[in-house]
Amino acid sequence: MDLLKQKIQSEGKVLSNQVLKVDSFLNHQIDPVLMVEIGKEFARRFQSERITKVLTIESSGIAPGLMAALELQVPVVFARKRKSLTLVNDLLTATVHSFTKNETNEISVSSKFIASDDRVLVIDDFLANGQAALGLAEIVNQAGAEVAGFGIVIEKSFQEGGQSLREKGYKVESLARISSLENGEVAFLEELEVALS
Ligand code: G4P
């Protein structure tokens with residue numbers, strides 16, 4: 001998605017060989033115009049998948065998840081990372097370890113909001129090692145529903161998450177795929193590499 005790649009090039013800050021900072025439009029301040037376009041692009045890529053629900057995780061997944069859900073005309077539900085005062089019964093839960101942050105969270109969704117006949121599109125802002133994505137898939141499986149695919153805003157293809165999800169047979173659509181953050185520069189996966197991956 002060219003608009004997103006341009007935004008990453010112009011506003012992204014490479015913090016290390018592993019981490020890209022995009023807090024001016026995705027992780028802190030949010031660019032609503034870009035989010036609308038992101039929602040349209042996810043909807044286009046999953047239009048034939050008969051999606052009935054979007055599932056994402058707080059906090060940075062909510063904006064792209066909401067926009068995708070709006071375009072697909074389905075509800076969006078977000079997994080919580082912290083226990084909610086009111087969300088106590090009938091929880092679907094999964095344990096997610098973040099290698100980037102070196103912390104483990106139990107994520108949860110009320111079983112009320114995912115039904116066994118749902119076809120779920122999982123949306124997240126970043127795909128790194130894939131732990132959040134796998135945790136969300138586990139929650140969908142616990143509900144007896146089906147994961148129709150993963151929509152990712154920024155995939156770091158040099159980390160293992162994308163490959164491991166694709167090897168499991170999931171449809172993974174990433175709007176920007178970064179092949180390297182070395183030497184302080186963002187390099188995107190070339191079209192040929194995308195086709196072969
Ligand atoms: P994984 O789920 O793919 O295994 O990723 P990982 O544990 O490494 O990521 C943990 C958190 O760090 C996630 O956000 C993820 O979106 C974010 N993250 C991973 N790599 C990058 C990166 O290069 N740049 C930025 N900006 N974030 C990255 P989170 O803790 O859920 O935060 P938030 O959604 O509350 O903002």
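Please read these numbers as outputs of a predicted model, since none were measured by experiment. Hydrogens, waters and symmetry mates are skipped; everything else that's a heavy atom, side chains included, is used. Read the numbers this way: they start at 1 and go in the same order the structure lists the ligands and their atoms.
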Would you list the atom pairs, donor with acceptor, under 3.5 Å between side chains in residues 114-123 and any protein atom, with sequence neighbours excluded?
{"unit_1": "Asp118", "atom_1": "OD1", "unit_2": "Thr52", "atom_2": "OG1", "d": "2.6"}
{"unit_1": "Asp118", "atom_1": "OD2", "unit_2": "Ala115", "atom_2": "N", "d": "2.8"}
{"unit_1": "Arg119", "atom_1": "NE", "unit_2": "Glu49", "atom_2": "O", "d": "2.7"}
{"unit_1": "Arg119", "atom_1": "NH1", "unit_2": "Glu146", "atom_2": "OE2", "d": "3.3"}
{"unit_1": "Arg119", "atom_1": "NH2", "unit_2": "Glu49", "atom_2": "O", "d": "3.0"}
{"unit_1": "Arg119", "atom_1": "NH2", "unit_2": "Glu49", "atom_2": "OE1", "d": "3.2"}

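Ligand 1 is surrounded by Gln18, Val19, Leu20, Asn27, Glu58, Ser59, Ser60, Lys81, Ser98, Phe99, Thr100, Lys101, Asp125, Phe126, Leu127, Ala128, Asn129, Gly130, Gln131, Ala132, Lys156, each with at least one heavy atom closer than 4.0 Å.
Within the structure, the salt bridge (Lys or Arg N to Asp or Glu O under 4.0 Å) test picks out the following pairs touching residues 27-41 (sequence neighbours left out): Lys7-Asp31, Glu37-Lys40, Glu41-Arg44, Glu41-Arg45. Listed by first then second residue, pairs satisfying ring-ring contact (aromatic ring centres under 6.0 Å, His included) with a partner in residues 141-187 read Phe150-Tyr170, not counting sequence neighbours.
In this structure, Lys53 fails the cation-pi test against Phe113, since its NZ or CZ atom is not both closer than 6.0 Å to the six-membered ring centre and inside 45 degrees of the ring normal.
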query: After noting the C-alpha distance and the side-chain angles of Leu134 and Leu165, does the key distance pass the side chain to side chain contact (heavy atoms under 4.5 Å, CB included) rule?
result: CA-CA 8 Å; Leu134 288 170; Leu165 292 179; 3.7 Å; yes

message: Pair Gln9, Gln6 - check side chain to side chain contact (heavy atoms under 4.5 Å, CB included), show working.
response: CA-CA 5 Å; Gln9 288 292 18; Gln6 286 161 15; 5.7 Å; no

